[in-house]
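Worksheet for the structure shown next.
The structure displayed is predicted, hence computed values, not measured ones.
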Amino acid sequence: PEGLYAIGRGAFSGTGITTLTFPTSLRRVEESAFYNCTRLKSLVFPASVVQWGNRVFSGCEAVTKVTIEDGVTKLPDYIFQGMEKLTAITIPASVRSVGKDAFASTGLKKVTLPATVAEWGESVFYHAGLTSVTIEDGIREIPKQMFFMCENLTSVTLPESVKSVGDGAFSGCKKLSKITLNEGLE
């Protein structure tokens with residue numbers, strides 16, 4: 001209902017929720033609030049919420065569509081982890097930080113890493129279904145285990161802006177047959 005300001009830790013965890021609409025008054029959603037809501041199909045990640053806990057939607061395996069509103073600046077750790085049926089996502093230019101394992105074990109097929117994101121956590125796409133990744137010029141680092149175990153990823157081109165590739169960044173990418181490295185790697 002309108003006027004709701006906060007949703008507490010684990011408040012709706014493991015429930016049979018199928019649809020979810022956030023009121024514009026909502027400002028805070030705490031850790032695991034909707035964890036393991038296995039019947040939830042889609043959601044809008046609203047810009048009006050300024051404080052998100054970790055794992056808010058982790059384990060919501062039936063979600064097929066996530067809309068991240070323009071104005072969202074941070075995607076917390078494990079936020080969409082385990083969304084096995086989520087095959088596409090657009091990260092808006094307003095996002096500055098993406099947390100650890102944010103898209104781990106999702107069904108994502110293609111993703112663009114926008115240069116506007118200044119901070120990427122470790123293992124962001126761990127074991128995701130990725131086949132294609134576009135890394136925009138302006139990204140300076142590929143963090144530790146960013147694409148670890150993305151077994152369907154076939155090729156990657158690192159733009160000139162990438163200066164370092166973290167430990168295990170592409171480890172376990174069994175189908176990765178082509179990687180283009182730039183001259184500026186340090």
Side-chain angles (χ1 to χ4, degrees), residues 1-114 116-117 119-121 123-136 146-147 149-153:
E2 201 56 48
L4 180 67
Y5 179 81
I7 297 174
R9 183 178 188 171
F12 299 97
S13 179
T15 63
I17 292 172
T18 57
T19 60
L20 184 58
T21 305
F22 291 113
T24 57
S25 59
L26 188 64
R27 297 294 178 262
R28 185 177 79 239
V29 180
E30 294 185 13
E31 184 171 337
S32 303
F34 299 94
Y35 176 81
N36 223 20
C37 288
T38 58
R39 293 213 237 144
L40 186 62
K41 302 287 185 200
S42 67
L43 62 97
V44 174
F45 197 81
S48 63
V49 177
V50 293
Q51 184 181 348
W52 290 96
N54 295 333
R55 299 185 199 299
V56 171
F57 301 107
S58 182
C60 296
E61 61 192 36
V63 170
T64 58
K65 182 176 182 189
V66 171
T67 303
I68 302 171
E69 288 185 348
D70 191 37
V72 170
T73 59
K74 180 180 181 180
L75 300 177
D77 295 352
Y78 309 98
I79 192 72
F80 304 120
Q81 179 190 37
M83 290 187 176
E84 299 167 357
K85 294 184 179 170
L86 181 65
T87 59
I89 194 80
T90 300
I91 300 171
S94 59
V95 173
R96 299 291 179 255
S97 172
V98 177
K100 178 180 179 174
D101 288 284
F103 297 101
S105 299
T106 61
L108 290 177
K109 300 296 179 203
K110 296 179 181 185
V111 70
T112 297
L113 306 186
T116 53
V117 176
E119 182 183 344
W120 293 93
S123 309
V124 171
F125 298 101
Y126 167 77
H127 204 261
L130 292 172
T131 58
S132 173
V133 174
T134 301
I135 302 171
E136 289 186 353
M146 187 169 204
F147 300 102
M149 297 298 292
C150 288
E151 296 177 355
N152 296 315
L153 189 59

(request) Kindly give the heavy-atom pair with the smallest separation between Thr38 and Gly59, and that separation in Å. (result) CG2-O, 3.9 Å

(request) Please name the pair of heavy atoms, one in Thr112 and one in Glu136, separated by the smallest distance, quoted to 0.1 Å. (result) CG2-OE2, 3.7 Å

(request) Take the angle between the ring planes of Phe34 and Phe12 and call it parallel below 30°, perpendicular above 60°, tilted in between. (result) parallel

(request) Using only heavy-atom distances, determine whether the side chains of Glu84 and Ser105 contain a donor-acceptor pair under 3.5 Å. (result) no

(message) Would the distance check show the side chain of Glu69 and the main-chain N or O of Ala47 forming a donor-acceptor pair, the cut-off being under 3.5 Å?
(response) yes

(request) Working to the nearest 0.5 Å, report the span between CZ of Arg96 and OG1 of Thr116. (result) 5.5 Å

(request) Give the minimum heavy-atom separation between Arg55 and Gln81, together with the two atoms involved. (result) NH1-OE1, 3.7 Å

(request) Please report the shortest heavy-atom distance between Ser42 and Val63, naming the atom on each side. (result) CA-CG1, 4.3 Å

(request) Please determine if Arg27 forms a cation-pi arrangement with Tyr5, meaning its NZ or CZ atom is less than 6.0 Å from the six-membered ring centre and no more than 45° off the ring axis. (result) no

(message) Looking at every heavy atom in both Thr19 and Ile17, which two are closest together, and how far apart are they?
(response) O-CG2, 3.1 Å

(message) For Arg39, I'd like to know if atom CZ has over 12 heavy atoms of other residues, nucleotides or ligands within 6.0 Å.
(response) no

(request) Looking only at non-hydrogen atoms, find the nearest pair between Ala104 and Ser123 and report the distance. (result) CB-O, 4.2 Å

(message) Test of understanding: with ring pair (Phe, Tyr, Trp, His ring centres under 6.0 Å), list the residues that count as partners of Phe103, not counting sequence neighbours.
(response) Phe80, Phe125

